Amino acid sequence: FDTMGHTIFLETGAEIENVFSSNLVAMTRESIAMLNTELTPASFHFANLNNIVNDNAACGSHGYGFWYSPTNDDFVDVYSIRVCPHGTIVRSFLDNVSHGNGMGGMAIFSMHELTIIPLYKQCEMKDSVFGMNHFNGFIAYNKHGFGVNVRSNVGNLKLSRFKLINNTNIALELPWRLHGRWQKQGL
């Protein structure tokens, strides 16, 4: 409650298989003294999708409720095990709520690009690169910005049981390609 900068923050991409369940995060404020991303802080910010995020509520953040932004590093070492943050898929995202956040309910930024392979061969072409990122059950309401903003390079994405209500700008913004260039489409 009433924190400065990201509240629940997995930063390096090495943090995997953590469980965040039934948490309430409220009043996440911006910080000009810490990381650049904390100018638009998130209540929940993850650099690796391989975590369990179920039944949480993010309320009153200056920035985002939930922010997925995998690191661009090829590999991150975790106790002598190599982890590929941008090549993993969502472990579990189920029945989360975002209310009254300044920038938006959820931001999903670059995960993996399936049409241009590098980022060192998508971490040696792990099977998970071609997996489905499934976000299941999300309510975003009374946002000053968007409900859900999906940026380019997200790979296979499935959004199920989403309710986006009373968002000031766009309820759902999705990318698409036209002549090799990313475009945006809002609903």
Side-chain angles (χ1 to χ4, degrees), residues 5-10 13 20 25 28-30 35-51 53-54 56-72 85-116 119 129-187:
H6 304 302
T7 305
I8 294 179
F9 185 25
L10 302 184
F20 298 94
V25 175
T28 302
R29 296 183 292 130
E30 69 182 331
L35 299 171
N36 286 340
T37 61
E38 291 181 318
L39 291 171
T40 55
S43 297
F44 297 85
H45 185 218
F46 302 104
N48 191 316
L49 304 171
N50 187 3
N51 290 287
V53 182
N54 296 343
N56 296 290
C59 307
S61 171
H62 176 80
Y64 307 103
F66 296 84
W67 186 0
Y68 283 90
S69 182
T71 176
N72 288 325
H86 60 271
T88 60
I89 60 172
V90 173
R91 171 63 63 105
S92 177
F93 182 93
L94 180 65
D95 295 334
N96 293 290
V97 176
S98 181
H99 167 67
N101 296 298
M103 298 289 293
M106 183 183 345
I108 305 170
F109 292 0
S110 297
M111 288 190 224
H112 45 259
E113 172 65 73
L114 299 179
T115 58
I116 306 169
L119 259 179
V129 171
F130 299 99
M132 178 68 68
N133 284 300
H134 187 194
F135 292 85
N136 186 3
F138 182 64
I139 299 172
Y141 65 104
N142 291 347
K143 304 285 167 285
H144 299 293
F146 53 82
V148 176
N149 182 356
V150 179
R151 298 279 175 101
S152 61
N153 304 341
V154 297
N156 295 325
L157 180 66
K158 181 177 181 182
L159 308 176
S160 308
R161 300 184 315 108
F162 271 42
K163 295 178 179 121
L164 310 174
I165 305 157
N166 196 26
N167 298 290
T168 306
N169 291 335
I170 296 171
L172 174 63
E173 188 170 35
L174 298 169
W176 52 282
R177 281 199 171 218
L178 178 64
H179 306 296
R181 300 185 67 197
W182 284 105
Q183 312 293 318
K184 288 285 209 171
Q185 181 68 49
L187 303 173

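All values derive from a computational prediction rather than experimental measurement. These numbers come from the heavy atoms of this one structure, side chains and all, not from hydrogens, waters or symmetry mates.
- With contacts defined as side-chain heavy-atom distances shorter than 4.5 Å, the pair S160/H134 qualifies.
- In this structure the side chain of R161 reaches within 4.5 angstrom of the side chain of D95, judged on heavy atoms.
- N166 places no side-chain N or O within 3.5 Å of a backbone atom of Y141 that could act as its donor or acceptor partner.
- Contact check for L172 versus L159: side-chain heavy atoms found under the 4.5 Å cut-off.
- Put simply, the side chain of S69 never gets that close to the backbone of H45: no donor and acceptor are under 3.5 Å apart.
- Atom CH2 of residue W67 and atom OG1 of residue T40 lie 4.0 Å apart, to the nearest 0.5 angstrom.
- Looking at V150, I108, L94 one by one, the single match for side-chain contact (heavy atoms from CB on, under 4.5 Å) with F135 turns out to be I108.
- Taking all atoms of both residues into account, the shortest heavy-atom contact from A57 to F44 is O-CE1, 3.8 Å.
- Annotation for N54 and N96: closest pair C-OD1, 3.6 Å, computed over non-hydrogen atoms.
- Summarising the geometry of V148 relative to F162, their closest heavy-atom pair is CG2-CE2, 3.8 Å, with the distance given to 0.1 Å.
- Here the closest heavy-atom approach between residue N101 and residue G65 is recorded as ND2-CA, 3.6 Å.
- Side chains of V53 and Y68 form a contact here, defined as non-hydrogen atoms less than 4.5 Å apart.
- Taking all atoms of both residues into account, the shortest heavy-atom contact from E173 to N149 is OE1-OD1, 3.4 Å.
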- [ ] Go through the steps to decide whether N51 and R91 satisfy the test side-chain hydrogen bond (donor to acceptor under 3.5 Å, both in side chains), and finish with yes or no.
- [x] CA-CA 5 Å; N51 290 287; R91 171 63 63 105; over 6 Å; no
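- F93 and F138 have tilted rings, their planes meeting at an angle from 30° to 60° on a 0 to 90° scale.
- Proximity of Y64 to F146: side-chain heavy atoms (C-beta onward) are separated by under 4.5 Å at one or more points.
- Across all their heavy atoms, N167 and I170 have their closest contact at CB-O, 4.3 Å.
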